[in-house]
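Chain naming here is simple, since letters A, B, ... match the order of the sequence lines and numbering starts at 1 in each. Source: prediction; values computed, not measured.
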Amino acid sequence: AQSVAQPEDQVNVAEGNPLTVKCTYSVSGNPYLFWYVQYPNRGLQFLLKYITGDNLVKGSYGFEAEFNKSQTSFHLKKPSALVSDSALYFCAVRVAGSARQLTFGSGTQLTVLP
Amino acid sequence: ETGVTQTPRHLVMGMTNKKSLKCEQHLGHNAMYWYKQSAKKPLELMFVYNFKEQTENNSVPSRFSPECPNSSHLFLHLHTLQPEDSALYLCASSRDGTTPDPNEQFFGPGTRLTVL
């Protein structure tokens, strides 16, 4: 079984401040974890993924995510938010070594205030 | 753009109409997917095709009928839909949908469907 939770529907942050979008997961085994972003009237765009190795993963547009196995979390972070980062963010998980399809979270709307 | 295109971008149809959604990928991928996106709900995987063969159907009602004539094209045929089927329908592709490798998916912009 695999599932992912994004506990916040909405996150607001001031431009220039650090941002965090939370994600927790549940899998029966090791996880592959993904973050996607969706801008208005667009499809989802891949940001980054965790497979194995370093717990800190760097991705597109200055985003990074930290894998924490003990807390089963994969929070998305950025040191300094931009207004253009405002979008809908999705976390996704699948079991490593399995051909099962991705399970997505319900999404978190990030709004960066100027 | 991601290399995955979808047409039309918007569609309004009555419950008795028949329409089709089209998806095309220019990435040389072998797996294609249909998802349904409703507000404040997780993406719902509907169908998966690998090398033109359907490998997954997540209990989707028969009023949705997919077709994959080749690895680059994917259709979703719609008939006698219900108002609750109104949503954004997203197409995606990946290198291979059957491998355990963590290949990311590339998404099209979606078709916004409204059923009256």
Side-chain angles (χ1 to χ4, degrees), chain A residues 2-11 23-27 29-53 57 59-60 63 65 67 74 87-109, chain B residues 1-10 21 23-25 27 29-51 54-60 88-112:
Chain A
Q2 56 187 44
S3 65
V4 62
Q6 294 181 243
E8 300 160 316
D9 288 342
Q10 174 82 41
V11 170
C23 171
T24 58
Y25 67 89
S26 174
V27 296
N30 292 319
Y32 292 148
L33 292 154
F34 301 77
W35 275 103
Y36 286 82
V37 60
Q38 185 178 31
Y39 298 101
N41 301 314
R42 303 284 293 274
L44 278 68
Q45 295 179 34
F46 170 75
L47 273 181
L48 51 80
K49 65 182 177 185
Y50 170 82
I51 306 171
T52 187
V57 179
S60 307
F63 283 94
F67 172 64
F74 189 58
L88 188 58
Y89 290 80
F90 290 94
C91 182
V93 67
R94 64 182 284 193
V95 178
S98 159
R100 286 199 62 181
Q101 301 302 332
L102 283 177
T103 296
F104 284 85
S106 55
T108 298
Q109 179 66 49
Chain B
E1 292 297 331
T2 61
V4 181
T5 59
Q6 290 187 244
T7 55
R9 294 292 305 274
H10 300 272
L21 310 185
C23 175
E24 184 173 0
Q25 59 95 1
L27 301 169
H29 290 164
N30 294 307
M32 297 188 77
Y33 309 76
W34 279 117
Y35 287 89
K36 177 182 179 183
Q37 184 180 16
S38 304
K40 299 191 176 180
K41 292 177 66 176
L43 265 68
E44 299 174 49
L45 179 65
M46 301 174 71
F47 302 103
V48 181
Y49 278 81
N50 282 283
F51 297 92
Q54 187 181 123
T55 56
E56 195 149 338
N57 176 339
N58 280 348
S59 304
V60 180
L88 182 67
Y89 288 84
L90 292 166
C91 173
S93 70
S94 68
R95 200 161 55 195
D96 186 331
T98 58
T99 178
D101 293 335
N103 298 314
E104 56 268 28
Q105 295 177 15
F106 293 79
F107 285 79
T111 295
R112 174 69 62 188

Name the option with the most non-hydrogen atom pairs under 4.5 Å to chain A; the candidates are B:Ser38, B:Pro42, B:Ala39.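 Among B:Ser38, B:Pro42, B:Ala39, the one with the most close pairs to chain A is B:Pro42.
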
Give the minimum heavy-atom separation between B:Glu104 and A:Phe46, together with the two atoms involved.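 Here B:Glu104 and A:Phe46 meet closest at CB-CD1, 3.6 Å.
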
Taking atom [atom1] of [X] and atom [atom2] of [Y], what is their separation to the nearest 0.5 Å?
X: B:Tyr33; Y: A:Gln101; atom1: OH; atom2: CD; value: 4.5 Å
X: B:Phe106; Y: A:Leu44; atom1: CZ; atom2: CG; value: 12.5 Å
X: A:Arg42; Y: B:Leu90; atom1: CZ; atom2: CG; value: 12.5 Å

For chain B, find which of A:Leu88, A:Asn41, A:Asp9 contributes the most heavy-atom pairs closer than 4.5 angstrom.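 Answer, by heavy-atom pair count under 4.5 Å with chain B: A:Asn41.
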
For chain B, the option from A:Tyr39, A:Phe90, A:Phe104 that forms the most heavy-atom pairs under 4.5 Å: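 That would be A:Phe104.
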
Would you mind checking which part of A:Gln6 comes under 4.5 Å of any heavy atom in chain B, side chain (CB onward), backbone (N, CA, C, O), both or neither?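 The answer is neither part of A:Gln6.
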
Please determine whether side chain to side chain contact (heavy atoms under 4.5 Å, CB included) holds for the pair A:Tyr36 and B:Phe107, giving the CA-CA distance in whole Å, both sets of side-chain angles, and the decisive distance to 0.1 Å. CA-CA 10 Å; A:Tyr36 286 82; B:Phe107 285 79; 3.8 Å; yes

Region of [X] that comes under 4.5 Å of a non-hydrogen atom in chain A:
X: B:Leu43; value: both
X: B:Arg112; value: neither
X: B:Glu44; value: neither

